[in-house]
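First the proteins, then the strands, lettered A, B, ... as listed; each starts at 1.
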Amino acid sequence: MAEDSGLRKKIEKHLLSIQKPSRYIGGEVGSVVKDKSRVDVRFAFCFPDTYDIGMSHLGMKILYSLTNERENYWCERCFAPGVDFEKIMRENDIPLYALESLDPIRDFDFIGFTMQYELSYTNVLNMLDLAGIPIFSRDRTEELTQIVVAGGPCVCNPEPLADFFDIFILGEGEEVNLELMDLYNEMKQQGAKRIDFLRRAAHIGGVYVPQFYHFSYKDDGTIESVSVSDGAPETVTKRIIKDFDSVYYPDNFVVPFTEIVHDRVSVEVLRGCIRGCRFCQAGFIYRPFREKEPDTICSETKALCENTGYDEVSLASLSTSDHSGIDPMLTKLLEYTEKERINLSLPSLRVDNFSESLLEKIKKVRKSGLTFAAEGGTQRLRDVINKNVTEEEIMNTCGIAFRGGYSSVKLYFMMGLPTETDEDIVGIAELAQRIIDLFYSIEDRPKGRGVQVSVSCATFVPKPFTPFQFEPQDTREMIEHKQKLLMDSVRTRKIKVSYHNPDVSLLEVVLAKGDRRLCRVVYAAWKRGCKFDSWDEHFRFDKWLEAFEECGVDPGFYAHRRFEYDEILPWDHLDYLVSKEFFIRENRTARQNKTTPNCRERCSGCGVNKRVGRDCF
Amino acid sequence: MSSAVMRLRAVFEKSGRAKYISHLDLNRFMLRTFRRSGLPVWYTEGFNPHPYYSFALALSLGYESSCEIMDFNLTEEMPLDEVRDRLNAVMPEGMRVLSVSEQRLKITAITSAEYSFSLVTEQPEELYAALQELMAQPEILVEKKTKKGIKTVDIRPDIDIVSCEKSGDSVDIAVRLPAGTQTNYNPSLLIGSLRDFCDIPFEEENIKRTKILCENNEIFS
Ligand code: SF4
């Protein structure tokens, strides 16, 4: 490999005193090492969480390989160090470095973060700080280097992060990332300044340069207007890959030495979702629905298994069973995986099209329990959220599963959904009870084992770019009342109920729906030591409350207030192809307890087809 | 089910970044290496078939080695060099198969192993003298964790210093220690004893297993 920066010795000196050291030294099979003297643009792909989590992320694998296909560009990986190693890094002046070259990322051309969840925001600040990169965009050099960018689902409302980033990339990155690097490369050679680059970059589709957008607020705290400077476009539209079947897909992954969360080959079978569940951001921001041909899926699976040596593959999508060719696809895949003794796992299967023949096929490959996202306890509430699942379908599926030898079922629900009443909460317990009754009514149920229904309740978090983006979140008191009610309604130990921490959900909604005034709060929270907020053991709600207080920001303004239909939302200048009128229409339909058919059944006119210039189906 | 027609033994090197692969992770790593190589490895039979391979000795995290031993079987005949090359073609930096041969001795024939390491210090003379003095003691007692709890053992009779040299800023040692199914001593026992014995500050570096031996200190193969 190319000569290293001298950091390696410093790092190795401490590696044996920390947890799972192989996470910090690179050198894994499949990692790409280049001669840096022959590279024009260096990109540090940063995941704002630990290696174990970040290495499981599919988007990173795609963009890593895609960038490295270009001979003169080098993409490397970087993760948040664990608390033990961070301490050592700070004590010994080890700056945050990339795993392939072990060079400090502050020397890179691009420092790119993928923002997958709101609770990783403070980690970004911590990583920039560890890297020795100014945390605020305005404090960075005028030279053309160290461009800090972000992509991922959270950047559909990036305002709470706007002060820290130079660029946000909206939508799918496969094309725009390279366009951005090409422009950079060209301008770097011309000796351009950072600001010149940002001005031109703002004209690449999908590129949002937050410093060119200026917010003013009304007395009541809502947004008065957004003005645009430096010739940037009024709205920025997300990028999508039109020809999804032939989009670049890696034929190799970096194979970690240590075990990671999703330690297997992952093959993307479709993008988007036909369903339109009204709470689900992914269901809207990834539209339109596109799928890969079964043949493409099979050959990508084969190449990846051969090159990585993994003996497990999973199919990645929002809802794999919605693939129009699910049966031929699984048949073909199983032919290969069985011969090669590879495990095929199928997450995200839906209840309603879970046929007996499909169950037969996956029974061979699936050993763990069944999980269903019912989300709402009564049919009325499920109609409100457009989770088009009926109780009959849930019962049918459980029946098939019980006869097939399963005896435990896990059900996911949300609490605090729009229009929810006590009746809906009691409905959760009743539904779980009916599943138990069903189990005992089945003659050929699994013998010798009791039935177990686990009920997992999350607090509803309204998200931008969903029909529920206008909705308030329940207050803590309301949630606590509902939790108690549910506990009181459960009368058997066969039902186990678990909850998410409502404080975490409160922070999520504030960061999801917040505006630019939240940047100060994020900074203040990080200054107070907040990081790894998604980890129970690190989450410090008291520190966050202090940060809100210090900045004079009321979290309730974002969390518990209804956003009006005609209000300027913090993300209204960003365009994810689905129209705001559609979200308003859907919000009204929800309030009438009415459902909307899925996209394959009938187009509901969300606007995506017109924008893409073709029918979705 | 195909049967094992070649019973093979690979000697491999583990160095550089690869020394941070733990023994547990090495198992998973080899499984994937075999799969990538496409070699016709023999699978165990039974409920959960998996490729069969086994390591002669575990190597501590952070140690390098030029002599690790792994046994495995193939279901088809093929030239030994080809087996070696196909494994090396899919190994990462720091992992390299040096040779592949037929299994000669049983793993239980292993009696000892040799290690080399450096003790980096600002007082090499004093440290060198301290080590000599330590080795001149009638006994060196250490606490060893066993299955039945902590036990005090005398490791002196089992330590065989093969060479010991001082340089400008270190004392460089080669030592032979018992290894195998009965007793396994690790250089850190000796290093720990030295640290307790004298108060000269030093840091151990570049610990490397260099030989795996059987009866009469012959190379195990
Ligand atoms: S345009 Fe119609 S079919 Fe396409 S995503 Fe929108 S609602 Fe669905």
Could you tell me whether A/Asp263 and B/Arg32 make a salt bridge, using a distance below 4.0 angstrom between a side-chain N and a carboxylate O?
yes

Keeping B/Arg36 on the side-chain end and A/Thr308 on the backbone end, is there a donor-acceptor pair under 3.5 Å?
yes

Chain A contacts, top residue of B/Met95, B/Arg28, B/His50, B/Glu203 (heavy-atom pairs, under 4.5 Å)
B/Arg28

Can you confirm whether A/Glu71 is buried at CD, in the sense that more than 12 heavy atoms of other residues, nucleotides or ligands lie under 6.0 Å from that atom?
no

Check the surroundings of atom CD in B/Glu102: do more than 12 heavy atoms from other residues, nucleotides or ligands lie under 6.0 Å from it?
yes

Which distance, rounded to the nearest 0.5 Å, do you find between the CD of A/Glu259 and the OG of B/Ser22?
10.0 Å

More than 12 foreign heavy atoms under 6.0 Å from CD of B/Glu82: is that the case here?
yes

Straight-line distance of B/Arg17 CZ to A/Leu15 CG, nearest 0.5 Å
11.0 Å

If you round to the nearest 0.5 Å, how far is CG of B/Asp25 from CZ of A/Phe257?
9.0 Å

Salt-bridge contact B/Glu205-A/Lys13 (side-chain N to carboxylate O under 4.0 Å)
no

How about NZ on B/Lys14, more than 12 heavy atoms from neighbouring residues, nucleotides or ligands closer than 6.0 Å, or not?
yes

Atom pair CG/NZ of B/Leu61 and A/Lys20 - distance to nearest 0.5 Å
12.5 Å

Heavy-atom count check: over 12 atoms from other residues, nucleotides or ligands less than 6.0 Å from B/Arg7 CZ?
no

Taking the side chain as every heavy atom from C-beta outward, state whether B/Val90 and A/Val29 have any atom pair closer than 4.5 Å.
no

Short question: side chain of B/Arg35, backbone of A/Cys305 - any donor-acceptor pair under 3.5 Å?
no

Distance-minimising heavy-atom pair for A/Gly27 and B/Pro92:
O-CB, 3.6 Å

Taking everything shown except B/Glu165 itself, do over 12 heavy atoms lie less than 6.0 Å from its CD?
no

Would one find more than 12 heavy atoms of other residues, nucleotides or ligands at under 6.0 Å from atom NZ of A/Lys61?
yes

Could you check if a side-chain atom of A/Arg341 sits within less than 4.5 angstrom of a side-chain atom of B/Pro49, using non-hydrogen atoms only?
yes

Sort out for me which of A/Asp311, A/Asn307, A/Val255 touches chain B most, counting heavy-atom pairs under 4.5 Å.
A/Asp311

CD1 of A/Ile18 to OH of B/Tyr20: how many Å apart, nearest 0.5 Å?
9.0 Å

